[in-house]
Amino acid sequence: MTPSSSAIGIIGAGHIGAAFARALARRNIPAVLSNSRGPDSLQALVQAIGPSIRAGTREEAAAQPIVLVAVNWSKLQAALAGLPDFGKRIVIDANNPIEAPLFKPAELHGRSSSEVFAGLVPGARVVKAFNHLRPELIAADPAERGGRRVLFLAGDDAQAKSEVASLIDRLGFAGVDLGSLAMGGRLTQFPGGPLPTLELVRFG
Ligand SMILES: NC(=O)c1ccc[n+]([C@@H]2O[C@H](COP(=O)([O-])OP(=O)(O)OC[C@H]3O[C@@H](n4cnc5c(N)ncnc54)[C@H](OP(=O)(O)O)[C@@H]3O)[C@@H](O)[C@H]2O)c1
């Protein structure tokens, strides 16, 4: 079995992508981390994160059974362009429709940002998750307050949500299912939703 055969792919190795990789490394879960500049630019970072994480190309990351995308909103189209159909694999949307330095909300034409995102990943079963907390709180020990830090998930495919909920559980967080991309996705979307930046901890 090659290291990539059961890895999680990560497209975007900035604040959120690297924080997610740290959460995986904490549990020794294999992942392929990628960015726009290629694997060589990520060697120091993956070495610092841990042995279960390796640097790869965007295409290698996108070929994994579960792929998390964490890229600046205006660069998502380029980051996902030209990739093969996802063939019902799971893509986690960790993105929000706003970015520095202007912090001007993107025009979504009445859709949730994950519905727009889904249009960029043909064939994928999209689950929105890992987008509501500051990256430090995704990277940190989810049990550091006692209890388990809460992560939300939303999506339209029950089986895909169940797999992402299992991953969230394996990472030590408490997953809370908010429903569909249209409804649940909006609750964690920044700006607009009531849940972004809320650090909640589940006891019991
Ligand atoms: N930061 C937060 O507090 C936070 C919290 C929740 C959600 N989010 C969301 O998470 C997403 C990422 O935010 P971030 O703060 O992690 O951004 P970031 O630190 O600026 O990192 C963005 C990453 O995207 C990569 N990227 C850009 N264009 C690409 C392309 N064409 N192909 C492959 N990779 C590409 C960049 O790689 P290069 O550097 O090589 O170009 C970089 O690794 C955004 O949608 C944001 O709204 C952020």
Side-chain angles (χ1 to χ4, degrees), residues 8-24 31-46 48-49 53-64 67-84 86 91-108 111-121 124 126-140 142 149-154 164 168 173 178 181 184-200:
I8 290 178
I10 307 174
I11 299 178
H15 294 95
I16 292 292
F20 178 64
R22 287 196 165 87
L24 297 172
V32 182
L33 188 59
S34 70
N35 65 3
S36 75
R37 287 166 291 146
D40 287 350
S41 69
L42 289 170
Q43 288 307 332
L45 178 63
V46 295
I49 294 177
I53 312 300
R54 70 179 178 89
T57 63
R58 177 186 80 117
E59 288 77 8
E60 281 176 275
Q64 304 308 316
V67 183
L68 178 134
V69 179
V71 169
N72 324 83
W73 186 259
S74 65
K75 296 178 179 164
L76 273 174
Q77 195 151 15
L80 297 167
L83 293 172
F86 281 85
V91 175
I92 301 174
D93 171 23
N95 305 286
N96 283 312
I98 193 164
E99 65 188 66
L102 296 179
F103 294 103
K104 182 173 176 247
E107 175 54 71
L108 301 173
R111 291 181 293 169
S112 70
S113 65
S114 283
E115 292 175 291
V116 175
F117 175 86
L120 302 177
V121 285
V126 174
V127 176
K128 188 173 191 68
F130 297 94
N131 72 300
H132 98 281
L133 282 180
R134 296 200 317 271
E136 302 79 41
L137 294 178
I138 293 172
R149 186 170 286 127
V150 168
L151 288 180
F152 299 107
L153 63 153
V164 174
I168 286 172
F173 291 88
L178 298 175
L181 289 183
R186 273 194 175 81
L187 296 175
T188 61
Q189 186 172 302
F190 179 78
L195 298 174
T197 74
L198 264 192
E199 185 192 2
L200 303 176

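Counting starts at 1 for both ligands and their atoms, in listed order.
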### Query
What about Ile16: any of its N or O atoms under 3.5 Å from an N or O on ligand 1?
yes

#### Entry: Shortest protein heavy-atom distance from atom 37 (O) of ligand 1, along with the residue and atom involved
Asn35 CB, 3.3 Å

### Task
Answer whether the closest heavy-atom distance between the side chains of Asn131 and Phe152 falls below 4.5 Å.
no

#### Entry: Lys/Arg N to Asp/Glu carboxylate O, Arg22 vs Glu136, below 4.0 Å
no

### Query
Considering only the protein, which heavy-atom contact is closest to atom 45 (O) of ligand 1, and what is its distance?
Val71 O, 2.8 Å

### Message
Looking at non-hydrogen atoms alone, which of Ser34, Ser36, Ser74, Gly14 comes nearest to atom 35 (C) of ligand 1?
### Response
Ser36

### Message
Restricting to non-hydrogen atoms, name the atom on Ala62 and the atom on Val67 that form the minimum distance, rounded to 0.1 Å.
### Response
O-CG2, 3.6 Å

### Query
Closest non-hydrogen protein atom to atom 25 (C) of ligand 1, residue and atom name please, with distance?
Gly12 CA, 3.9 Å

### Query
Under 6.0 Å from the CZ atom of Phe86, do we count more than 12 heavy atoms belonging to anything else shown?
yes

### Task
Tell me yes or no: between the side chains of Ser113 and Asn96, is some donor less than 3.5 Å from an acceptor?
no

### Query
Which atoms of ligand 1 sit under 4.0 Å from any heavy atom of Leu133?
5 (C), 6 (C)

#### Entry: Interatomic spacing from CG in Leu68 to CG in Asn95 - rounded to 0.5 Å
8.0 Å

### Query
Nearest to atom 39 (O) of ligand 1 by heavy atom, Arg37, His15, His132: which?
Arg37

#### Entry: Heavy-atom side-chain proximity of Thr188 to Leu153 below 4.5 angstrom
no

### Query
Among all protein non-hydrogen atoms, which one is nearest to atom 43 (O) of ligand 1, and what is the separation to 0.1 Å?
Ala13 N, 2.8 Å

### Query
Please state which protein non-hydrogen atom is closest to atom 46 (C) of ligand 1 and give its distance, to 0.1 Å?
Asn96 N, 3.9 Å

### Query
Between Ala140 and Phe173, what is the shortest heavy-atom contact and its length?
O-CZ, 4.5 Å

### Message
Just to be sure I'm reading this right: ignoring hydrogens, which of Ala100, Ala81, Ala79, Ala94 gets closest to atom 31 (N) of ligand 1? Compare them by their nearest heavy atoms.
### Response
Ala79

### Query
Among all protein non-hydrogen atoms, which one is nearest to atom 17 (O) of ligand 1, and what is the separation to 0.1 Å?
Asn72 ND2, 3.6 Å

#### Entry: atom 6 (C) of ligand 1: nearest protein contact (heavy atom, Å)
Asn131 O, 3.1 Å

### Query
Ser112 and Gln189: side-chain donor and acceptor closer than 3.5 Å?
no

#### Entry: Residue, atom name and distance, where the atom is the protein heavy atom closest to atom 2 (C) of ligand 1
Pro135 CD, 3.7 Å

### Message
Side chain, backbone, both or neither: which applies to Leu76 and ligand 1 if a contact is any heavy-atom pair less than 4.0 Å apart?
### Response
neither

